[in-house]
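A short write-up of the structure that comes next.
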Amino acid sequence: MAEISKSYEPRDVEKKWYADWLKNDCFAGRVDASREAYSIVIPPPNVTGVLTMGHVLNNTLQDVLIRRARLEGKSALWIPGTDHAGIATQTVVERELRKQKLHRRDLGRDKFLEKVWAWRHEKGNIILEQLRRLGASCDWNRTQFTMDEHYSNAVLNVFTELFKRGHIYRGKRMVNWCPVSLTALSDEEVIMKPSNGTLFHVRYELVDQPGRFIEVKTTRPETIPGDVAIAVHPEDPRYAELLGKKVWRPLNRTKIPIIADKSVDREFGSGALKITPAHDKVDFEIGQRHHLPAIDVLNPDGTLNELAGPGLAGLDRFAGRKKAAELLKECGALLGEEAYSNNVGYSERADVPIEPRLTWQWWLRYPRIEEAKAAVRDGHIKFHPERWSKVYLHWLENIQDWCISRQLWWGHRIPVWYRKDVDREKLTEADLRDPAKVHVSLKGPADPENWIQEEDVLDTWASSWLWPFATMGWPDAKTMETAGIRYFYPTSTLVTGPDIIFFWVARMIMAGLEFMEPGKPLEQRIPFRNVYFTGIIRDNQGRKMSKSLGNSPDPLDLIEKYGADGLRFGIISIAPQGQDIRFQEERIEGGKNFCNKLWNASRFRQMSGPAGDNSSLAAILARLESSKFDADDHAILQRLVSTMAEVERCFREFEFSAAVQALYAFFWGDFCDWYVEVSKAKLQDESTKLNCLAIQDLVLRQTLLLLHPVTPFITEELWSQLGYGRDGAFLMRDVRLETAAEFTATLDTKGLSINRGLADSVEKLKQVVSQARALKAEHNQASRRDSSFLATAADADWAVLQANLAKLTRMCGAASIERRDKVDGAPAVVTPLGTLYLDLASSVDAGAEKVRIAKELEKLTQHIAGTEARLSNPAFVGKAPPAVIEGARKQLADQQAKRAELERLLAALG
RNA sequence: GGACCCUUAGCUCAGUUGGUUAGAGCGUUUCCUUGACAUGGAAAAGGUCACUGGUUCGAGUCCAGUAGGGUCCACCA
């Protein structure tokens with residue numbers, strides 16, 4: 001065994017072990033009937049993506065779950081992959097083309113797609129490479145891409161099936177149109193943003209009563225040429241006599257009717273609403289009810305077209321708005337303007353206001369809505385934190401059909417062909433189902449020359465909603481068998497952000513229910529059993545991390561600086577359940593420091609004595625001698641067991657940061673700060689040395705196992721260096737972590753049972769040490785081992801002190817601790833095991849000493865008063881549980897004894 | 001307009017079913033390079049648990065309300 005270096009250097013260790021794990025196929029998910037299956041599918045990052053802090057959090061959590069599952073003896077599978085990200089990827093490649101002054105139309109569809117594929121092959125795996133640096137133990141041989149042939153096959157299969165089952169239709173409806181991406185978007189891809197605009201007051205002159213006007217307020221005067229009516233509420237007395245009359249539309253002047261519709265809000269503005277069916281969803285519905293035409297005055301790119309009339313045609317919509325206001329002013333129709341703030345829908349991708357636009361699109365009536373609700377409501381799928389289920393259910397209650405077609409080239413082209421002689425603008429629902437007019441299949445028609453394929457592709461989410469089973473080979477029976485879908489599906493846990501609960505989580509549930517194992521009960525068709533929602537990572541000012549703000553650190557820089565384990569440990573420790581995360585680099589630094597502490601504790605063990613047989617838990621236990629156990633041995637084993645139990649609880653309840661904090665407190669606080677320090681005395685004594693080393697070996701072994709899911713690299717390295725592994729075996733793959741219960745039972749059967757009483761007595765020793773150190777600090781004594789202490793103690797207490805004297809002397813920084821019957825004039829502290837005096841050569845400042853003790857006495861007296869008050873309250877004594885009352889009585893007795901001793905000390909000072 | 005979340009030490013946050021004197025990390029102050037670790041050790045300072053009521057023997061914890069901050073949903077032009 002080579003000597004361990006003085007500080008932990010992650011770089012080479014990480015590289016070495018990751019390569020070793022890969023070489024030995026440690027990440028492979030295998031069907032193994034003798035083990036419980038545990039599976040996760042990665043939320044596929046965009047192929048265009050680079051690793052963000054969000055990815056780090058999300059994927060570290062998944063890796064933690066997967067690695068813990070392996071240690072628990074489960075057969076674990078983590079499927080990685082990427083998403084083709086239609087709009088984002090197409091935009092990236094189009095931007096490249098623009099540098100060469102080319103547009104995708106210059107290349108044509110096929111040539112353009114070749115370019116995208118080339119880009120994908122060159123750059124599309126960057127993010128997966130970065131995940132490897134993080135230590136992600138994905139089964140890389142199963143890496144998936146949503147545009148892979150078999151995956152595409154699944155997507156198109158689902159389309160044709162859902163079409164057959166009547167869930168998919170084509171319709172001309174109002175959609176959210178992105179004038180930059182030139183495609184329709186789903187409602188979920190539209191973000192409402194408050195915007196400061198202008199509300200224009202416009203008057204429309206009555207045709208048969210010149211000089212009389214009806215007034216409306218609008219934020220969009222440029223759409224006035226598209227007005228086809230003015231609507232008022234049917235019961236609005238102000239306008240009753242105007243119903244049925246006509247007014248002059250002030251732009252592109254023509255006559256339009258005044259109509260009545262109940263959807264008009266009488267309270268808003270003047271109570272009259274201009275109706276522009278082509279440019280507003282409500283107006284469109286009113287238009288439908290009243291059989292009004294829709295006049296579309298916009299081009300797809302958001303410029304005004306010739307229907308907008310001279311003066312406006314050709315302008316961009318925002319320039320057109322200004323111009324329209326000017327034109328209205330010129331003709332006297334503009335009564336005024338007021339500043340106005342309202343919510344405007346923005347395209348999530350392009351970050352520009354969307355246009356409601358009337359277009360032909362493909363729509364999906366979601367399948368299995370009721371089952372999807374039941375799956376979560378009845379607990380077959382558990383959300384963590386649970387409260388997100390309410391958001392989920394609310395969305396399903398109000399669900400709208402999904403616009404699944406996109407006017408893009410990069411994506412799954414819709415497998416629909418139109419007979420050349422049919423007019424697509426006039427296809428009815430019945431025509432769609434007529435194979436003589438429309439062909440829907442994976443392979444296409446037998447006589448392609450007579451057909452034209454649909455140009456549109458599917459929404460990216462209409463492929464990723466199949467992720468949990470399409471990545472396991474669906475729908476091909478043989479591939480599914482190889483992938484082990486019967487074993488690994490439903491997956492165990494999905495780790496994702498609540499921001500895609502509608503986009504992805506809800507839709508995956510519906511897809512799983514619709515397509516998996518038809519006829520089987522719901523709990524076998526759901527895609528996952530648990531969903532863990534991470535928080536959103538914010539910067540230290542609380543802003544979302546984003547590329548444009550430049551406030552997101554590069555995770556790879558952090559790995560360089562703190563090591564992958566440090567980053568992982570840090571990010572998990574600041575990620576409490578369900579709360580957003582304020583990123584602080586200091587916490588990552590803390591992760592690195594923890595790794596260094598672990599490293600050095602192992603180094604201390606190695607330097608403390610010869611290596612024993614560490615090859616198995618049984619081998620280490622065989623080296624323990626219970627007859628040599630002192631209170632500290634019992635205490636550290638007890639804390640080890642309780643930490644194991646706490647970590648188990650944390651994993652059961654998805655409290656990962658609590659698990660990390662428990663491990664930190666145990667290892668740093670209990671092991672390093674106490675046990676290792678007392679070891680220094682125990683190791684001096686040949687009779688206790690070997691047992692003490694074996695305890696250290698045992699604690700280190702269990703700690704490495706518990707920590708491994710969070711800090712995989714350093715634990716694998718130390719596992720190897722400290723001789724825990726057999727040749728060719730890996731901590732991550734070949735070791736099973738005992739449960740706390742199993743561990744305790746093993747100790748019992750080996751005659752190594754933990755003595756609770758002895759273990760608890762360490763608490764008193766710790767207090768003695770802490771108080772002694774404080775006393776020294778109070779009197780400006782350096783913490784070196786050079787102070788003399790005297791003690792007055794009852795026989796029983798002195799016996800405890802004496803039994804631990806060597807350790808205590810060392811821990812207190814004492815040259816000696818001697819018992820006396822009586823000590824006068826020395827500064828003292830009252831400990832649970834007697835009074836401890838600092839034997840100062842120099843004279844003591846009695847005044848300062850009196851102040852210090854008096855202060856402590858005052859504080860104590862307050863507590864005693866509180867305790868006495870409680871105990872003298874008959875209601876408390878009558879109603880509180882006996883254990884609580886007993887505790888209070890004991891506390892009172894201790895406090896009173898301590899008070900008496902402090903009073904005595906005070907009196908002795910004169 | 002509806003729903004949900006948050007408010008605890010200078011900062012970022014824990015605090016499980018109500019039960020001794022409310023914790024951690026970072027930061028601050030003092031001391032310490034003692035044979036694992038200065039990426040460290042020891043000690044200390046620092047909190048009317050946002051506010052107001054209520055339930056209870058007992059409330060940071062449960063209930064109601066108020067204030068401030070945040071998120072999501074919603075077709076008010």
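Both backbone and side-chain heavy atoms feed into the values below; hydrogens, waters and symmetry mates do not. Quick caveat: nothing in here was measured; it's all calculated off a predicted structure. Letters A, B, ... are given to chains in the order of the sequence lines, protein chains preceding strands, and every chain is numbered from 1.
- Using a 4.0 Å cut-off, some side-chain N or O of A:Lys390 falls inside it from OP1 or OP2 of B:C4.
- Secondary structure note: stems in RNA chain B built from 3 or more consecutive Watson-Crick or G-U wobble pairs under 3.5 Å occupy B:1-7 with B:67-73, B:10-13 with B:23-26, B:28-32 with B:40-44, B:50-54 with B:62-66.
- Of the candidate nucleotides B:C37, B:U12, B:G19, B:G19 has the atom lying nearest to any side-chain atom of A:Ala880.
- By the 6.0 Å and 45° rule, A:Arg507 stacks over the aromatic ring of A:Trp402.
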* Audit row: A:Phe502, A:Tyr392, ring-ring contact (aromatic ring centres under 6.0 Å, His included) steps and yes/no -> CA-CA 7 Å; A:Phe502 312 137; A:Tyr392 167 88; 8.5 Å; no
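- Comparing A:Arg582 and A:Arg605 by the nucleotide of RNA chain B that holds the closest heavy atom to each, the one mapping nearer the 5' end is A:Arg582.
- As rounded to whole Å, 18 Å separates atom P of B:A36 from atom CD1 of A:Ile714.
- The side chain of A:Ala875 lies closest to B:C57, out of B:C57, B:A36, B:A77.
- Dashed line: the shortest gap from a side-chain N or O of A:Trp668 to OP1 or OP2 of B:C37 is not under 4.0 Å.
- Rounded to a whole Å, the CD atom of A:Glu856 is 11 Å from the P atom of B:A45.
- Rounded to the nearest Å, the gap between the C1' atom of B:U61 and that of B:G2 is 28 Å.
- Between A:Phe569 and A:Phe594, the ring planes are parallel. Angles under 30° get that label, and only those over 60° would be called perpendicular.
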* **Worked check of ring-ring contact (aromatic ring centres under 6.0 Å, His included) between A:Phe656 and A:Tyr532** => CA-CA 11 Å; A:Phe656 307 111; A:Tyr532 177 81; 5.1 Å; yes
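- Remark: the separation of the C1' atoms in B:U8 and B:A3 is 26 Å, to the nearest Å.
- A sub-4.0 Å separation between OP1 or OP2 of B:A77 and a side-chain N or O of A:Asn342 is present.
- Side-chain nitrogen and oxygen atoms of A:Lys597 include at least one within less than 4.0 Å of the OP1 or OP2 phosphate oxygen of B:G41.
- Residues A:Arg220 and A:Cys595 each lie close to RNA chain B; by heavy-atom proximity, the contact nearer the 5' end of the strand is made by A:Cys595.
- For A:Arg11, the CZ atom counts as loosely surrounded, since its 6.0 Å shell holds 12 or fewer non-hydrogen atoms of other residues, nucleotides or ligands.
- Cation-pi geometry between A:Arg639 and A:Phe666 is not met: the NZ or CZ atom fails to fall both under 6.0 Å from the ring centre and inside 45° of the normal.
- In this structure, CD of A:Glu653 is placed 16 Å from P of B:A14, rounded to the nearest angstrom.
- One can place CD of A:Glu586 at 16 Å from P of B:U39, the figure rounded to the nearest angstrom.
- For RNA chain B, the residues of residues 671-683 of chain A within the heavy-atom distance limit of 4.0 Å (strictly under) are A:Cys672, A:Asp673, A:Val676, A:Glu677, A:Lys680, sorted by number.
- Between A:Tyr340 and the phosphate of B:A77, there is a side-chain N or O to OP1/OP2 separation shorter than 4.0 Å.
- Taking side-chain N and O atoms only, A:Asn593 has a distance below 4.0 Å to OP1 or OP2 of B:G40.
- B:A36 and B:G41 have their P atoms separated by 13 Å, with the value rounded to a whole Å.
- Distances shown here put a side-chain N or O of A:Ser770 below 4.0 Å from the OP1 or OP2 atom of B:A43.
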